[in-house]
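Down below is the structure, laid out as structure tokens.
Only this structure's heavy atoms are used, side chains among them; waters, hydrogens and symmetry mates stay out. Please read all numbers here as calculations on a predicted model, not as lab measurements. Letters go in sequence order (proteins before strands), and every chain restarts at 1.
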Amino acid sequence: MKREHQDSGCGGSGFPTKTAAEMGKMVEEEEGVDELLAALGYKVRSSDMADVAQKLEQLEMAMAMGNSTSNTAVDDATFISHLASDTVHYNPSDLNTWLESMLSELNGPPPPLPSSTTSANNRFDSSAITTAGYDLKPIPAPSPSPIVYGSDPPNKRMRTSSSSSSSTSRVAETAGPPPAAPGAASMPVVVVDSQEAGIRLVHALMACAEAVQQENLKAADALVKQISVLAASQGGAMRKVAGYFAEALARRIYRVSPAPHSAVDSAFADLLHLHFYESCPYLKFAHFTANQAILEAFAGHRRVHVIDFGMKQGMQWPALLQALALRPGGPPSFHLTGIGPPQPDNTDALQQVGWNLAQLADSIHVDFHYRGFVAASLADLDPSMLLPSGSGDASDEPEAVAVNSVFELHPLLSRPAAIEKVLSTIRALRPKIVTLVEQEANHNSGSFVERFTEALHYYSTMFDSLEGGAGSSIPDSVNGESNPDQVMSEVYLGRQICNVVACDGPDRTERHETLVQWRGRMNRAGFEPVHLGSNAFKQASMLLALFAGGDGYRVEEKEGCLTLGWHTRALIATSAWRVAAA
Amino acid sequence: MDDEEERERSLRGFNINDNVDLLVEILSRLDGRSLGVAACVCRLWTTVCRRDTVWEALCDRHVAGGAGGPGTRSVVAALGGYRRLYRLCVGPALDRLGRSGWTGTEADRAHVSLSLSLSLSLFSIDCYERLGGRERPASLLFLCKPVNVS
């Protein structure tokens with residue numbers, strides 16, 4: 001008995017992966033035996049499946065009874081020894097009879113239950129139910145008992161709701177004292193604590209990704225539904241992240257691609273970007289560190305030219321203008337070339353931004369020149385377009401060029417040779433400095449499951465930081481959703497999640513790569529790194545100290561590049577480059 | 001009689017409102033909150049407290065590296081003035097830094113004092129937002145303590 005528990009326990013952690021793998025193998029051992037469970041060593045007749053599922057549930061609930069108040073470890077040995085001494089062991093691989101014996105045993109004296117074995121059984125349980133779920137006939141209404149996830153009273157569902165008959169889903173109140181009834185007639189209602197549900201949620205997400213990778217769409221579909229149910233039992237960041245990942249997985253399974261870009265969509269995207277800028281420090285960090293590098297590179301030059309690959313609202317440039325205005329020796333002549341995507345509704349957003357910046361520059365007496373460029377993709381640009389036409393320029397003052405890219409280079413990786421073309425274009429501009437800010441994650445190589453895992457960790461950390469940052473100083477009225485900026489930022493990140501998980505090929509533009517990978521690319525393209533100085537580091541640290549909940553944010557320096565992360569996980573990285581001496 | 005009047009006049013003391021320069025000197029040494037309070041005393045004091053020089057002196061004391069020279073003054077004036085700079089940026093930032101109970105080492109503390117360049121950078125972004133016609137410039141909201149209006 002003990003060995004059996006431990007086996008399912010040990011197998012539990014890797015279980016979902018194994019289950020999914022097993023699903024691909026159609027092993028028929030005996031006539032009428034469910035092949036999936038048989039592959040795992042359990043003989044259950046297909047006709048008995050509903051019955052077995054029901055009994056497993058009852059067993060689990062009975063075992064969790066003693067566990068409803070806390071999940072601290074209850075004495076493992078007590079439970080095991082109780083069963084070891086008193087139970088008659090039937091062959092565990094014959095699930096049906098084994099369950100009968102367990103249930104009749106357990107419905108007698110209520111045993112203290114260790115959380116470890118419970119969770120081990122739960123993991124097995126959920127996977128078994130899940131994989132078998134879509135084979136079950138709808139469970140008749142009177143017999144099953146409702147199962148409640150403890151932490152969220154308004155969100156109660158039947159766990160076997162994959163069979164979507166409405167008569168089987170009932171709302172129940174939270175647990176009362178379990179009746180000591182013999183047999184399986186009336187079952188106690190159990191509160192499952194949310195930490196367990198959290199572990200199950202992650203396993204379900206991984207299992208679903210595996211299923212999708214193996215094109216086992218039926219299983220994936222069942223898992224997605226389970227994920228939604230489990231997510232409802234969680235709170236805060238985990239629920240939101242799981243929600244977005246579940247939606248992205250569903251899109252991938254049903255091949256519903258996100259709607260094509262429209263005027264509303266691009267305006268909405270801009271709005272989301274702005275709220276993301278305001279609510280968390282990532283973009284500000286990016287701008288401030290890049291500006292510091294550019295400022296240092298421009299020291300001593302009387303004519304400077306900045307080419308911004310993603311102009312958006314131009315929030316990066318007021319600070320640079322101000323810094324240039326106040327630099328010793330006075331401000332230079334400042335030229336700005338802003339590049340932006342074509343606007344579907346013909347409004348010239350780029351020009352408007354340029355006009356606003358010009359007003360600001362005028363008020364602080366900086367000589368400002370602006371050019372806006374519309375380009376559907378950065379690969380469409382030519383060096384000749386970007387460099388100033390020499391003829392109209394009477395001054396023979398050499399111009400110092402800076403190229404700035406904040407999250408703009410990774411979409412190029414979705415098309416072949418685009419990144420090489422852009423990097424060679426940059427090189428042809430002979431810039432004094434190239435500032436590059438990118439997400440510190442690998443969402444581009446490896447299999448779908450690897451990408452999914454990496455994205456899950458990355459975005460969980462991002463959402464945690466949103467929760468712990470702006471949200472912490474605000475009283476938690478409605479689960480922290482009272483902050484519209486935070487919600488908008490979450491939607492902004494949710495769209496990225498959707499792209500990483502649900503899209504492929506040229507549609508998948510969120511192809512993040514790590515700093516190490518970008519370093520390799522830049523080195524191969526003929527650039528050498530420029531170390532961001534201690535000024536940038538100090539300014540970034542100061543900026544982070546100003547953010548509420550700022551203790552979670554960490555600025556680190558890695559070989560001259562700065563990364564901003566949440567606790568131990570680096571999330572974005574700023575690096576600076578110049579053309580390598582030939 | 002004359003002696004008594006003389007004594008009365010000296011006992012009545014010295015009215016600060018008759019010496020605005022002195023008033024300015026004194027008020028320049030106050031902190032932000034006290035300046036706000038002082039501005040409610042009387043019309044003269046309100047006028048004095050609205051002078052940018054007073055707020056410039058305040059910023060000078062609290063910002064690492066001082067409030068900068070005449071060049072800085074013109075830029076700050078263009079961006080909205082020292083009073084606005086303090087209200088939107090330096091004041092909330094100092095509150096935030098003071099309240100956060102920075103647990104780093106002394107060396108860390110040394111460079112977690114607010115610098116002029118950072119304040120001006122943030123201030124310039126705010127000015128830019130107002131130029132862009134945003135009714136509610138929000139780039140500096142992260143500094144403010146959110147108000148529970150429930």
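Among the candidates A/Lys284, A/His365, A/Gln316, the residue making the largest number of heavy-atom pairs closer than 4.5 Å to chain B is A/Lys284.
Proximity to chain B is limited to the side chain of A/Gln322, based on heavy atoms less than 4.5 angstrom apart. For a residue to count as touching a neighbouring chain, one of its non-hydrogen atoms must lie under 4.5 Å from one of that chain's; by this rule A/Leu357 touches chain B with backbone and side chain alike. Heavy atoms of A/Gln313 lying under 4.5 Å from chain B belong exclusively to its backbone. Residue A/Val366 does not touch chain B at all, counting heavy-atom pairs closer than 4.5 Å. Only the side chain of A/Leu326 comes within contact range of chain B, with heavy atoms under 4.5 Å apart. For chain A, the nearby parts of B/Ser117 are the backbone and the side chain; heavy atoms of each come within less than 4.5 Å.
Scanning all heavy atoms of the two residues, the minimum distance from A/Cys561 to A/Leu532 falls at CA-CD1, 4.1 Å.
Ring centroid separation for the pair A/Tyr370 and A/His335 does not come in under the 6.0 Å cut-off.
Side chains of A/Asp464 and A/Thr461: a donor-acceptor N/O pair is absent below 3.5 angstrom, by distance only. When only modelled atom types and interatomic distance are considered, A/Asn291 and A/Trp317 share no side-chain donor-acceptor pair under 3.5 Å.
For A/Glu467 and A/Lys240, the salt-bridge test passes: some basic side-chain N is under 4.0 Å from an acidic carboxylate O. In summary, B/Arg84 and B/Asp126 engage in a salt bridge, as defined by a charged side-chain N under 4.0 Å from a carboxylate O.
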